[in-house]
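Take a look at the structure set out below.
In this text the structure is predicted, and so the values were computed from the model without any measurement. Each chain gets a letter, A, B and so on, in the order its sequence line appears, and its residues count up from 1.
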There are 2 protein chains.
Amino acid sequence: MKILSADDDKDSLALIAFTLSQAGYLVVKASDGVQALRAFESEGPDLVILDINMPGATGFQVCEQIRTKSRVPVMMLTVRGEEEDLVRALELGADDYLSKPFSPRTLLARVKALLRRAGMENTAPLAAGRIRLDVDEHTVQVGSNPPLRLTKLELRLLQMLIANSGHTVSSDRLLMQVWGHKGSGDRQLLKQLVHRLRQKIEVDPAAPQMLQTAPGAGYKLVVD
Amino acid sequence: MKILSADDDKDSLALIAFTLSQAGYLVVKASDGVQALRAFESEGPDLVILDINMPGATGFQVCEQIRTKSRVPVMMLTVRGEEEDLVRALELGADDYLSKPFSPRTLLARVKALLRRAGMENTAPLAAGRIRLDVDEHTVQVGSNPPLRLTKLELRLLQMLIANSGHTVSSDRLLMQVWGHKGSGDRQLLKQLVHRLRQKIEVDPAAPQMLQTAPGAGYKLVVD
DNA sequence: TCGACGGGTTACAAAACGGTTATAACGTCA
DNA sequence: TGACGTTATAACCGTTTTGTAACCCGTCGA
């Protein structure tokens with residue numbers, strides 16, 4: 001498990017790196033925003049920890065950049081009392097925050113919780129019932145039918161539904177997970193994507209068996 | 001979702017209650033530590049917000065008491081610059097803190113984050129007597145009957161009634177909780193919604209057993 | 001006895017929702 | 001560049017949900 005930590009305060013960075021290393025994580029360090037972005041590109045970490053106040057590019061900018069291309073969990077470090085910063089961070093798509101100063105124990109607990117929530121810890125068995133998903137190939141296989149190619153968005157949607165198979169996932173959450181933060185509120189996008197996905201995976205797209213609608217709530221994947 | 005807020009500063013308490021109510025939470029108020037503990041016992045809130053400086057019993061004491069019997073998320077309110085307080089609060093088992101003064105937006109963001117972290121956001125198995133509510137699916141199950149689909153408003157109403165099951169909830173309170181500020185004063189909306197909900201969940205909608213009227217006051221959910 | 005009031009019921013209109021289709025914008029790759 | 005697959009935006013339709021108004025019918029006090 002690889003974690004990218006960016007902070008311009010050497011001591012703080014060292015403490016974070018030490019704590020996480022002790023816990024068995026591989027830590028990549030960056031001491032400013034530009035470095036952080038470069039490291040993000042080259043290392044492809046599973047989680048990112050960003051200090052808000054950094055030279056080069058602020059944590060906000062880095063977070064925003066990362067969110068344009070990835071949904072990797074992001075934790076922001078704020079200084080105590082700067083609530084405005086915090087709100088902005090969450091709005092930019094950060095998944096959690098931690099106020100300095102914090103204890104190593106707290107940091108570790110939060111990191112673990114984030115990884116668990118993102119479903120990173122257990123290599124997500126991307127299958128449910130008769131549906132098997134191949135993320136690398138961008139394909140699904142339903143039953144013993146030949147595999148179908150999926151687009152990026154279709155794949156992500158199906159991924160979310162499979163991860164919660166049997167339970168309804170709210171439209172808002174799907175919007176958030178599939179499109180990132182910007183998509184929130186846009187019903188049409190989801191409507192369309194669901195429609196296209198149904199055309200591909202349902203036997204009779206007009207009477208969906210697997211990708212069912214939960215009126216007023218969202219959608220759910222029904223497996224036998 | 002029920003939140004207990006304790007603060008001896010009337011203005012502060014009112015602001016918190018208003019903000020959270022607007023966001024759809026059910027708020028229980030307390031203006032000192034003793035009240036807070038009593039309310040905690042009787043209401044069983046899903047989250048507790050405690051001001052540190054309170055007469056009766058300080059936020060510390062209340063937090064400590066709560067922690068002896070519950071793992072409910074606790075947020076502490078501190079005044080800026082009192083670092084020792086903060087550390088002590090976290091040591092006593094508080095999950096988060098907020099420095100006064102704070103913006104409503106900030107409060108809401110933190111509360112949501114806390115509930116999310118506690119896994120309360122949608123998995124709350126809301127139930128009272130023979131009634132079980134599935135917020136994700138937008139369904140109720142009465143006894144062993146097949147689950148019924150509820151609309152958004154019906155769900156919210158039932159949620160409020162279940163959260164206070166056995167006690168009468170005033171019409172004004174329901175109006176506020178279900179529709180937000182705009183609905184205040186409009187009895188007809190509530191009348192209608194109650195009627196529709198009764199049609200769905202009551203065996204004989206003309207003689208309601210569960211969703212009873214408290215004449216001149218409001219409605220209450222009666223469970224065996 | 002009357003009439004105002006609160007609550008229940010009925011009926012209908014307005015708005016929101018979900019599915020569908022069409023079309024435009026965008027990105028990629030030959 | 002142009003063709004293609006993908007994604008975004010808009011319009012339309014039928015259905016469900018919600019809002020609004022009217023009426024009914026008890027109770028209660030003048």
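As rounded to whole Å, 12 Å separates atom C1' of D/dT7 from atom CZ of A/Arg156. Here D/dT18 presents its C1' atom at 15 Å from CG of B/Leu150, a figure rounded to the nearest Å. The distance between atom NE2 of A/His138 and atom P of D/dG5, rounded to the nearest whole Å, is 17 Å. What separates CG of B/Leu193 from P of D/dT17 is a distance of 12 Å, to the nearest Å. When the P atom of C/dG18 is taken as reference, atom CG of A/Leu189 falls 14 Å away, rounded to whole Å.
Applying the 4.0 Å criterion to OP1 and OP2 of D/dT18, one finds that B/Trp179 has every side-chain N and O outside that range. The phosphate of D/dT18 (OP1 or OP2) has a side-chain N or O of B/Thr151 nearer than 4.0 angstrom. Using a 4.0 Å cut-off, some side-chain N or O of B/Lys152 falls inside it from OP1 or OP2 of C/dC17.
For the pair A/Glu202 (side chain) and A/Gln209 (backbone), a donor-acceptor distance under 3.5 Å is present.
Of all non-hydrogen atoms in A/Gln212 and A/Arg198, the two that sit nearest each other are C-NH2, 3.8 Å.
Counting heavy atoms from C-beta on, the side chains of B/Asp96 and B/Leu98 never come closer than 4.5 Å. Contact annotation: the side chain of B/Glu41 never approaches that of B/Leu37 to less than 4.5 Å [non-hydrogen atoms, C-beta and beyond]. Residues A/His167 and B/Asp134 fail the side-chain proximity criterion, which asks for heavy atoms closer than 4.5 Å. A 4.5 Å side-chain heavy-atom check between B/Leu197 and B/Tyr219 finds every atom pair outside the cut-off.
A/Leu153 comes within 4.0 angstrom of sugar-phosphate atoms only, judged by non-hydrogen atoms across all strands, and of no base.
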Nucleotide N/O of nucleotides 6-10 of chain C paired with protein N/O under 3.5 Å:
from	atom 1	to	atom 2	distance (Å)
C/dG7	OP1	B/Gly216	N	2.8
C/dG8	OP1	B/Arg198	NH1	2.9
C/dG8	OP1	B/Thr213	OG1	2.6
C/dG8	OP2	B/Tyr219	OH	2.9
C/dG8	N7	B/Lys191	NZ	3.3
C/dG8	O6	B/Lys191	NZ	2.8
C/dT9	O4	B/Gln188	NE2	3.3
C/dT10	O4	B/Gln192	NE2	2.5

